[in-house]
Each structure stands twice: as C-alpha cells, then as structure tokens.
Novice: 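Attaching a single structure in structure tokens format; questions to follow.
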2 protein chains.
Amino acid sequence: MASDAPSPQGKQSAHPDLEPALLDLVELLFFAYRDFTREPDKILDDFGFGRAHHRVLHFVNRHPGMRVADLLDILKITKQSLGRVLKQLVDEGFIVQEAGKTDRRERRLYPTQRGCELAEQLVAPQIKRVARAVEASGKEARSCIAKFLHQMVREADREHVDKLLETGKAHGDVSTKSSQLRGPVR
Amino acid sequence: MASDAPSPQGKQSAHPDLEPALLDLVELLFFAYRDFTREPDKILDDFGFGRAHHRVLHFVNRHPGMRVADLLDILKITKQSLGRVLKQLVDEGFIVQEAGKTDRRERRLYPTQRGCELAEQLVAPQIKRVARAVEASGKEARSCIAKFLHQMVREADREHVDKLLETGKAHGDVSTKSSQLRGPVR
DNA sequence: AAAAATAAGTCAACATGACTGACATAAATG
DNA sequence: CATTTATGTCAGTCATGTTGACTTATTTTT
C-alpha cells in the first residue's frame, strides 16, 4: 500500500487536541450509518424501491393514520419528493390512503398487509445490527447510547422526536392484534 | 427471512418486547444522522458542493497522500461517481494530485490550504454537536458510545475502520506545525 | 522484450431522489 | 362567499449514484 515513503505528513488541521476522540466519533457515525442502511437497501432493490421508500413505509407502518404533512415534517423533504415515492407505494399496494373522518381534506396513511410485511422485513436487519451492537457494548450501555443519539437530534426537534417514539411504541406493543382497531390494515 | 430469535407470533410486528427499545434506537439513529449532516450540507451549498464532496474532502484531509482506490474502498461507491466530485474538487483547488514516488501509476491525494480550511469548517459543527451530546450523556458515556458505533460497523470492515481511525489520529496530533514537512499542501 | 495486470481516468447512458416554482382541487373556516 | 389549509400535480433542474466499455500509463510477470 503506502509505498515506502510514508511521509510523516504533517498536518494543517489546526485544532489543538480536544478533537481526536470526538473526531473518531464523527467518523464512526459515518461508518455506522453507512452499514446501517446497507442491508435494507439491498432488499429494497429487489422491489425496485430506494431508501426513500423505506423511510416512508417505515414511518407509516409505525404510525398508522399519519397524515402527509406529518411525514413531510419528519423526513424534511418537499411535498413533490414525497409525492413520487408515496404514489409508487400506493400504486403497488403497500400503503392505502383514506380521507380523514373529521377533516376530509386529510389523507390518512395506512400500511397494507404487504406494507407491514415489507416494513418488518426492512427493519429486521437494522434491529438485529443494533441488538448485536448493544449486546457487545454491555447491557448498561443501552441508556447511554439512547441518550447520546437523542442529544444528537437538533434541539428544536427533540420534543417532536420524543412524541414520535412514544406513540410508535404504543403501536409496537399492540401489534399482533388490533390490526383492525385503528384503521384499514389491508 | 426468518429473522432470528424467538418469533412466537410469526407475523408482522410480532417480536415480543425486546424490540421496542431497539426500535427506538433505530429511529434515533435516523434522526441523529439526519441532523448530523444538516449544518455541513448548508455550508456546502454556498460552495456549490454536495455531501459527496464533503466525504471526499474529509477523508483526503484526514489521510493526506491517500490513493483513489483507498477512497473508493471507504466510500463504497464507483470510480465514476468518485471521479466526478474529485475532479471538481481538484479543478477548484481544494485537492491536489501527485504521482506516487515508488509507483507512478498512483495518484496520491492531498488537500490544499483551501481544502484543509473547508474540511475544518465542515467538520466543526459535527464535532460541536457530538461534543455537546457526549457532554450531556455523562463523560463516562463516551466509551459506551464509541464501542456501540464501532460495533455497528460491518464486521468485515471493522479492522479497516480501526486502522483508519489510528492513522487519522496521528494526523490530528501533529496539527499545528509541519504544514510544509510533507507533501504538497498548497 | 513481450504480455499481463494494475491504477486511474473517461465516455455514454441511465435511475433515484432531492430541489424550485406554479398551479389545481377539495374541504374547512372565517 | 372568501380565504385558508391539505393535498396533489406538472414541468424542469441538479446531485449523486449505477453499468459497461474503453484508454493510458506504469508495473509486474512470464
């Protein structure tokens, strides 16, 4: 690899030395995320979908009855960008839309049976990866990790994220039954 | 795909309750990364660059003298994809290429002065964000976090990542001086 | 010395998923 | 009735990824 002139490349980085450890975390986050998205990306490929579809399907599955506007707020993309992938997911039977009961302008989004299954299939390798990583970090590390990731979120969005995790959690618990309780899960 | 562990109910959400907490981590990672890349993305915009330029410039800055092949291996993209952004970075004076001393087929990559500066500017908000998050998680959390993120990397790549962090670290240490010691840092 | 392998660059075509801006439609709200 | 809101859509652009084929320079192998 490096020829033999490893050249003691100096540096011009500037920052003193409070950085090194933090820089490692920055890079580790890059590598972790790179690999975090790989397995789902591969599965998506078989369906002709991309990462954008994954995100939409994931949040709709976790928060059935979600509105388009909610999704836009979570993903921080434009209506037009979302529109394209959402349309595909609807057309191919992974998501259904239904007018809101009290406000019929709203289009509430629900996963279909196929949608649920694909969402599960996509998140499975991610859960597995996280599970193994937590395991290897020592059980007591879980709370540190959650706290850290939570703090990495932009402060203005933190409360919102908390709410999402809360309500998503409720859903996760009831999962197997109640498919019909909340809406059309076809 | 049989995921793995005990799937009592066999169907969609199914997983008993080892999932909720892990699912939270999965989503937190999404939100954390979403916000992790926001500030740099904004800066890049002013330069007419995108996130791809950030990644290239970052690793070249942290590992001066790196070869194109090394970069491809880190970023996991194709030569053609890299070629486009690298060419722009070279054309606009952020990176310089130099034939390897022992193997003149290689094009060793070095950041220019401008390149260093931009790289620093881009990573600064990320370091700040990580610093604050670590701070808020308790100092002893730092090792948990590093361990977790490290374990999130695909096992096959872990050793490689370790080497990168090592050599990158060396770079960080020498920082202030020796700008001229080694290669072309123009 | 000739042949093969390697490092890098390039051309062309294409897909995805972002963006902007303008406009359409339906329903709720004042 | 007028306005606002929630959503959808048309049209065009850009950034960044992909394949595949091919070139050039250089090193390594035979």
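Here is the naming used below: chain letters follow the sequence lines, and residue numbers restart at 1 for every chain. These values consider heavy atoms only, across backbone and side chains, with no hydrogens, waters or symmetry-generated copies.
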Novice: Does B/A69 or B/R84 map to a spot on DNA chain C nearer the 5' end, using the closest nucleotide for each?
Specialist: B/A69
Novice: Should B/S81 be listed as having a side-chain N or O under 4.0 Å from OP1 or OP2 of D/dT18?
Specialist: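 For D/dT18, OP1 or OP2 has a side-chain N or O of B/S81 closer than 4.0 Å.
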Novice: Give the B/S/- string for nucleotides 22-30 of chain C, one per nucleotide from 5' to 3', where a protein heavy atom under 4.0 Å of the base yields B, of only the sugar-phosphate yields S, and otherwise -.
Specialist: B----BS--
Novice: May I have the distance from B/K87 (atom NZ) to C/dT10 (atom C1'), rounded to whole angstrom?
Specialist: 10 Å
Novice: What integer distance in Å separates A/L75:CG from C/dA18:P?
Specialist: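 That distance rounds to 8 Å.
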Novice: Under a 3.5 Å threshold, yes or no: a donor from one side chain and an acceptor from the other, between A/Q121 and A/E117?
Specialist: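 A/E117 and A/Q121 do not have a side-chain donor-acceptor pair below 3.5 Å.
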Novice: Figure out the CG/P separation between B/L72 and D/dG17, and round it to whole Å.
Specialist: 11 Å
Novice: Does B/T78 place a side-chain N or O at less than 4.0 Å from the phosphate oxygens OP1/OP2 of D/dT18?
Specialist: yes
Novice: Both B/L86 and A/G50 contact DNA chain C. Which one's nearest nucleotide lies toward the 5' end?
Specialist: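 Counting from the 5' end, the first nearest nucleotide belongs to B/L86.
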Novice: Once you round it to whole Å, what is the distance between P of D/dT26 and CZ of B/R107?
Specialist: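 That distance rounds to 9 Å.
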Novice: Write down the distance between CD (A/E106) and P (D/dA6), rounded to a whole number of angstrom.
Specialist: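 Atom-to-atom, A/E106 to D/dA6, this comes out as 8 Å.
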Novice: Other residues, nucleotides and ligands only: do more than 12 of their heavy atoms fall within 6.0 Å of CD on A/E135?
Specialist: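 Check fails, neighbour count at 12 or below.
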Novice: Between D/dG8 atom P and A/I95 atom CD1, what is the distance in whole Å?
Specialist: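 Going from A/I95 (CD1) to D/dG8 (P), I get 11 Å.
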Novice: Could you state the CG-C1' distance from B/L89 to D/dT16, rounded to the nearest angstrom?
Specialist: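 Going from CG in B/L89 over to C1' in D/dT16 covers 13 Å.
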Novice: What does B/G83 touch in the nucleic acid at a heavy-atom separation under 4.0 angstrom: a base, only the sugar-phosphate, or nothing?
Specialist: nothing
Novice: How long is the line joining CG of B/L109 and P of C/dA7, in whole Å?
Specialist: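 Rounding to the nearest Å, CG of B/L109 and P of C/dA7 are 14 Å apart.
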Novice: Kindly assign one of parallel, tilted or perpendicular to the pair A/F94 and A/F49, based on the angle between their ring planes and the thresholds 30° and 60°.
Specialist: perpendicular
Novice: Look at all strands and tell whether A/R108 reaches a base, only sugar-phosphate, or nothing, counting heavy atoms closer than 4.0 Å.
Specialist: nothing
Novice: If we ignore hydrogens and angles and just use 3.5 Å, is the side chain of A/S81 paired with the main-chain N or O of A/I77 as donor and acceptor?
Specialist: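 Not a single qualifying donor-acceptor pair exists.
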Novice: Has A/Q97 got a side-chain N or O lying under 4.0 Å from the OP1 or OP2 atom of D/dG8?
Specialist: yes
Novice: If you take all heavy atoms of B/G93 and B/T112, which pair is closest and at what distance?
Specialist: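 B/G93 and B/T112 have their closest heavy atoms at O-OG1, 2.7 Å.
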Novice: Between B/L23 and A/Q126, does the side chain to side chain contact (heavy atoms under 4.5 Å, CB included) criterion hold? Intermediate values first, please.
Specialist: CA-CA 9 Å; B/L23 242 185; A/Q126 298 188 313; over 6 Å; no
Novice: Does a nitrogen or oxygen in the side chain of B/H53 sit under 4.0 Å from OP1 or OP2 of D/dA15?
Specialist: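 It does not, given that no N or O in the side chain of B/H53 lies less than 4.0 Å from OP1 or OP2 of D/dA15.
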Novice: Could I get the full list of side-chain contact (heavy atoms from CB on, under 4.5 Å) partners for B/E39, not counting sequence neighbours?
Specialist: B/P125, B/R129
